Protein chains: 2
Amino acid sequence: MTLDDIDSRIIRVLTTDGRASYGTIGAEVNLSAPAVKRRVDRLRARGVIAGFTVRVDPGATGWDTEAYVELFCNRRTSGEEILRRAQTYPEVVEAFTVTGDADALLHVFASDMHHFERVLSEISAEPFVARTRSVLVLSPLLRREFLTM
Amino acid sequence: MTLDDIDSRIIRVLTTDGRASYGTIGAEVNLSAPAVKRRVDRLRARGVIAGFTVRVDPGATGWDTEAYVELFCNRRTSGEEILRRAQTYPEVVEAFTVTGDADALLHVFASDMHHFERVLSEISAEPFVARTRSVLVLSPLLRREFLTM
DNA sequence: TCTGAAACGTTACCAGA
DNA sequence: TCTGGTAACGTTTCAGA
C-alpha cells in the first residue's frame, strides 16, 4: 500500500516521460534496468500505476472549448446510470458524483462554442437531468499529473 | 492543424497504451514501424502530442480525497499570479480561470480530509484569495484522456 | 521502403541482506 | 525470502542508403 522512496522517484520520472526506458530510469534512481522493470511491474500489479498514456493537447487539435458541467438530477439517480450515459459522450472526459447542491460534475471538451452548446443540450435532454450549470474554462493555467510526492 | 484518420488511430492506440511499440501501433493502423515513428514525431513537433505519462491511481496510494475548489479573488488577480501560487501546492493538479461568479477553479488531491482541510486553509490564506467554495468528489465515475475522435 | 548496427525489453539465474 | 545485479537473447529503434 505504501510506496518507498525509489518507487516514488520511478513514478516521478515516468510522469515526466512515460516512455522512458528502464535503463534511463535506472540511471536516475541508481538501479539496474531489470530492477526498475520489476518495480514497475509490481506497481502495475498493485494498481498504483493504472497504465501509460499519451498527453494530447486539445488546443493543438482545435478543441479549445473546455467546461465543467454541474448536473442536477430530478430523482435519486445512481452513479452507475450517470456513468453509463456520460460514457456515450466522447466529449465527456471526467465524471464525478459530488457534494454540494449539484449531484454530479462533468468535465467536457468541445471543438467550439457551437459544439459545446449542442453537447450541453443533449446532456440536458437526458431523462434524469433536471438542469445543468456550466462553468467555462477561460485559460488552462496548470495541468499536471497526480504525483505521489 | 487537422489530423488525418491514421493520426487519430495512432493517438487512440497510444491513449490505451502509451508505451506501445511503433511496430504494435503499425500493426493496428497498417503502417510500418518507421512510418508510425515519423508520424508520432511530427505530432510531437506540432504540439498535438504534448508528451507521455504514467496514469497513477491516487486511491491506490491512499490519496482518496479529491475536490474542486472555486477561488474568489478580492481584486483583479492575473492568471499568472494564480498559476505561480497554485504551482507551489503539489496537491493542485489543475488550475483554470473560469466564467461565472468564481474567478478560478482548482483541482485538488489530498491524502485524507485533514490533509485537504490544511491545504484549503493554506490556499484561503493566499493574499489574493477572498474566499473559496469547495465541491468534494464522492465517487470518480469516469476518468479518461481527451481523444481526438 | 529496406537494412544493419545499436539500444532496449525480457527472462533466467545468481548473490547478498 | 526479498531485492537487486549480471548475462544472454530476441525484439525494437533508428539512421543511412
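Naming convention: chains lettered A, B, ... in sequence-line order (proteins, then strands); numbering from 1 in each chain. Everything numeric in this text was worked out from a predicted model, so none of it was measured.
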>> My understanding is that only residues two or more places apart in sequence, or in another chain, count here; which of them pass ring-ring contact (aromatic ring centres under 6.0 Å, His included) with A:Phe96?
In response: B:Tyr68

> Can you list the residues that meet the side-chain contact (heavy atoms from CB on, under 4.5 Å) rule with A:Arg9, with sequence neighbours excluded?
Replying inline: A:Asp5, A:Ile6, A:Val29, A:Asn30

> Who else is in the cluster with B:Tyr89 when I, L, V, M, F, W and Y are joined by side-chain contacts under 4.5 Å?
Replying inline: A:Leu141, A:Leu142, B:Val69, B:Leu71, B:Ile82, B:Leu83, B:Val92, B:Leu106, B:Val108, B:Met113, B:Phe116, B:Val119, B:Leu120, B:Ile123, B:Phe128, B:Val129, B:Leu136

> What residues form a side-chain contact (heavy atoms from CB on, under 4.5 Å) with B:Leu43, not counting sequence neighbours?
Replying inline: B:Leu3, B:Asp7, B:Ile11, B:Arg46, B:Val48, B:Ile49

>> Once salt bridge (Lys or Arg N to Asp or Glu O under 4.0 Å) is applied, what residue pairs with a partner in residues 24-36 of chain A remain, sequence neighbours excluded?
In response: none

> Does A:Ser32 have any side-chain contact (heavy atoms from CB on, under 4.5 Å) partners at least two apart in sequence or in another chain, and if so, which?
Replying inline: A:Pro34, A:Ala35

> Do any pairs count as a ring pair (Phe, Tyr, Trp, His ring centres under 6.0 Å) and have a residue in residues 10-33 of chain B, sequence neighbours left out, and if so which ones?
Replying inline: none

> With A:Thr16, which residues qualify under side-chain contact (heavy atoms from CB on, under 4.5 Å), at least two apart?
Replying inline: none

> Mind checking which nucleotides bracket the chain B contacts on DNA chain D, 5' to 3', with an atom under 4.0 Å from a heavy atom?
Replying inline: D:dT12 to D:dC14

> Looking only at side chains, do A:Thr24 and A:Ser21 share a donor and an acceptor under 3.5 Å apart?
Replying inline: yes

> When you measure from every atom of DNA chain C, which of residues 33-42 of chain A have a heavy atom less than 4.0 Å away?
Replying inline: A:Pro34, A:Lys37

>> Once ring pair (Phe, Tyr, Trp, His ring centres under 6.0 Å) is applied, what residue pairs with a partner in residues 44-66 of chain B remain, sequence neighbours excluded?
In response: A:Phe146-B:Trp63, B:Trp63-B:His115

> Listed in order of residue number, which residues of residues 18-27 of chain B have a non-hydrogen atom at under 4.0 Å from DNA chain D?
Replying inline: B:Ser21, B:Tyr22, B:Gly23

